[in-house]
Each structure stands twice: as C-alpha cells, then as structure tokens.
Amino acid sequence: MVPKNPYENPVNLRAYKKKKPTVINTFRRDYQLWIMILPAIVVIFIFNYIPMYGIQLAFRDYNFAKGLTGGEWRGLFYFKQFFESYQFADLMRNTVVISLSTVVLSFPAPIILALLINQLRWKRAKKALQTTVYLPHFISIVVMVGLLNVLLSPNSGVIGHILQSMGLGDVNLLGSTSTFVPVYVLSEIWQHCGWNSIIYLAALSTVDPQLYDASKIDGASRWQTIRNIEIPALIPTIIILFVLSMGSVLSTGFEKIFLMQNSLNLPVSEVISTYVYKIGIVSNQFSYSAAIGLFNTLINFFFLYTMNLIARKTSETSLW
C-alpha cells in the first residue's frame, strides 16, 4: 500500500511552510559566511554596479559643464555612427579573429598540460615542471612585449638571426600583418598556459585513487586511463571555464595588443578595445566611445548567455 503524503493535510502543509527556510533564516544560520564574503560584495558593488550609472553616456552628448546627465539625449545616434563607420568591418574582423584564435588554441593548452603533468610519477620533477610553467604568468605585460621586441627583431633578435640563417631574409614578425596574430596567440599560450592549468590539476586531484588502481589491474594503458578516467573528471570544469571564456570573447587584451601595435601591423591589430581608447581618451569623443564599449559588452553577454544555454541543454553543468 502506497503511504499517504503527510503534507496533503492542510495543517501539515502549513507547518511545512513555516519550517521552509527564508532569506532571514538563511542569513542567521550562515551569518559567518556572509561576513566573510561581505568585502567582496562591497568591492563588486562599488566597482561594477555603481559605474553602470555612466551607461547613459552612450545615449547623450557628453558635456563637461553639465555632467553625465546634462547632455542632450541622442538615443542610438552613436551606435548608428559606429555601424556606418568605414572602420566597423575591420574592427569586428580583427577582434573576432584574434579572440577566436586565442580561445581555440589557448583554451585546450592548459588542459593538455595538466594531463601531462598529472602523468608524472617523480614528485621532484613534477614540482620543478609546475614551477617552471607557472613563472611566465608573473611577467608583466610591458616586460613581455619588450622581450618579444628583443627576440623577434629582424636585425638583433635571436629568432631573427635564426630565420636569416634559414634563408628567410629579414622577417619582421611584429611588423607583418600575416604574423601578428600567430605571435600574439603563441605568446599568450606560453605566458598563461601553466597558470591556467592549476584549476585542472586541482580537479584531477579529486579523482578517486581506486579508479587508477582498478585501471592498472585491468591492464589499461596511460592513454586509456586519461580517456576513461581523467577527461571525464575534467568535463564539468572544462564546461564552466569555457562558458566563462565566452563572456569575454570580444574583450581582447587591450594592454598587450596596444603595446604590440605599430604602423606596419595596424591593419590587423586595431581591435575594439584599442579603438575605444583612441577615440575616447585621445580624441575626447566620450559618448561615441561609450557606445562602442556598450555594444562590445552586449555582444559578450550574448555569447555568454548562449553558451550557458547550450551547456545547460547538452549537459548537467551550467552557470545558472
């Protein structure tokens, strides 16, 4: 006989609703945790939410004397100006090419590196390798671009001399429109691959050791162990980080690209972030640059929402 649901009785149902946790009860129960994250909430509110007040600048003519809200309302005028600009197509192409190239090539790199490091059984060699691959992440962007200029110089650079010895002549890798994107992407992988592998190594550390013992008893090779044990353990982490990376797909690294720019590679290195800086800060067109920045943010949010929706429908892992 199927047991009767006790909450079918109205009296019991009212008692259940009284016991149901509320926001106040949850705060009282976990007040220590709320106090711990309070500084982070305050920082996010101050630096991420309060500045949203300035979004209206994209729809007004900015006037120094009248402030953010005193300018004339122009609606979508600056958005139309950007869409009709002769630079719109070039900016979008350059931004998408650099962003997608960085995501496609640099996203799998830390996963592969984490799988390789996890296969090492000699602890000293493993720690030494981890330390070695983490170090480039702590090099500042200015120093990194300086190293690229020194190493890739066609006259005095080491790589430039190697290319000359191979009979390729004076190849300016930073001044060529065909080599700028590969140099940028490869330097990004070299600098951040090791650091980004930390989270995957942390996920691999949660794998039950009994699974490895069982795979050895069954005679599984290293590749079979990686494919059947380690990769499935990484899939939830991979999905979350990939969805998060889609939220900044058009927000390429402004500092590095700006420092790598020169008059020779400008046709392929001018992206939305550098164009916004030149238009807004250098040319003092604040409303126009705010409209371009807002457009870029909306596109990033669209990619983030779409990828999260796909992840939620195809797997059990998503941001919300």
Side-chain angles (χ1 to χ4, degrees), residues 40-103 141 180-181 184 188 242-263 265-310 318-320:
I41 295 175
V42 172
V43 169
I44 292 175
F45 178 75
I46 293 175
F47 293 101
N48 292 83
Y49 283 91
I50 293 180
M52 287 185 180
Y53 177 76
I55 290 178
Q56 59 182 301
L57 188 62
F59 306 94
R60 295 180 181 273
D61 280 335
Y62 179 65
N63 189 315
F64 284 96
K66 298 180 180 180
L68 291 177
T69 60
E72 180 185 355
W73 183 265
R74 300 299 297 272
L76 300 177
F77 171 79
Y78 292 107
F79 294 92
K80 295 178 181 178
Q81 181 180 349
F82 178 58
F83 297 150
E84 296 173 356
S85 172
Y86 71 95
Q87 291 182 300
F88 174 75
D90 294 335
L91 290 173
M92 290 300 298
R93 184 187 67 248
N94 296 341
T95 305
V96 170
V97 168
I98 294 177
S99 300
L100 291 183
S101 300
T102 304
V103 171
I141 296 177
F180 175 83
V181 176
Y184 175 83
E188 280 288 297
F242 186 75
V243 172
L244 289 174
S245 66
M246 288 294 102
S248 57
V249 66
L250 293 185
S251 298
T252 53
F254 160 75
E255 297 90 351
K256 188 173 181 180
I257 292 181
F258 182 73
L259 292 172
M260 292 176 64
Q261 279 184 350
N262 54 56
S263 58
N265 61 33
L266 196 59
V268 297
S269 64
E270 188 74 286
V271 294
I272 292 178
S273 57
T274 58
Y275 184 71
V276 167
Y277 166 77
K278 295 175 182 178
I279 290 295
I281 304 299
V282 179
S283 301
N284 295 327
Q285 300 182 42
F286 298 106
S287 297
Y288 186 37
S289 62
I292 299 173
L294 180 58
F295 166 75
N296 190 25
T297 302
L298 293 176
I299 296 298
N300 287 333
F301 177 77
F302 171 77
F303 277 109
L304 175 65
Y305 182 83
T306 303
M307 290 306 304
N308 186 76
L309 184 63
I310 295 174
S318 62
L319 292 178
W320 63 82

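Note that the numbering runs from 1 along the sequence shown for the chain.
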Point-to-point distance, once rounded to the nearest 0.5 Å, from CZ of R74 to CZ of R60: 12.0 Å

Nearest atoms (heavy-atom pairs only) where M246 meets V103: CE-CG1, 3.7 Å

Criterion side-chain hydrogen bond (donor to acceptor under 3.5 Å, both in side chains) on Y288 and Q81, from CA distance to verdict: CA-CA 8 Å; Y288 186 37; Q81 181 180 349; 4.7 Å; no

F83 atom CZ: more than 12 heavy-atom contacts under 6.0 Å: yes

N94 versus P267, closest heavy-atom pair with distance: ND2-O, 3.0 Å

With sequence neighbours excluded, residues passing side-chain contact (heavy atoms from CB on, under 4.5 Å) with S101: V97, V181, V185

Listed partners of D90 passing side-chain contact (heavy atoms from CB on, under 4.5 Å), at least two apart: R93

Residues in ring-ring contact (aromatic ring centres under 6.0 Å, His included) contact with Y305, at least two apart in sequence or another chain: none

Passing candidate, side-chain contact (heavy atoms from CB on, under 4.5 Å) with T95, options I299, I272, T274: I272

Residues that Y86 engages under side-chain contact (heavy atoms from CB on, under 4.5 Å), provided they are two or more places apart: none

Rounded distance (nearest 0.5 Å) linking atom OG of S85 with atom NZ of K80: 16.0 Å

side-chain contact (heavy atoms from CB on, under 4.5 Å) against A291, all qualifying residues, sequence neighbours excluded: A58, Y78, F79

Shortest non-hydrogen separation from I50 to I46 and the atoms involved: CB-O, 3.6 Å

Aromatic ring pairing Y277/F254, orientation class (parallel under 30°, perpendicular over 60°, tilted between): tilted

OG-NZ distance between S269 and K256, expressed to the nearest 0.5 angstrom: 13.5 Å

Extract all donor-acceptor atom pairs below 3.5 Å that involve side chains of residues 278-286 and protein atoms in other chains or at least two apart in sequence.
from, atom 1, to, atom 2, distance (Å)
K278, NZ, Q261, OE1, 3.0
K278, NZ, E270, OE1, 3.4
K278, NZ, E270, OE2, 3.1
S283, OG, K278, O, 3.2

Heavy-atom closest contact (N265 atom, M260 atom, distance): ND2-O, 3.0 Å

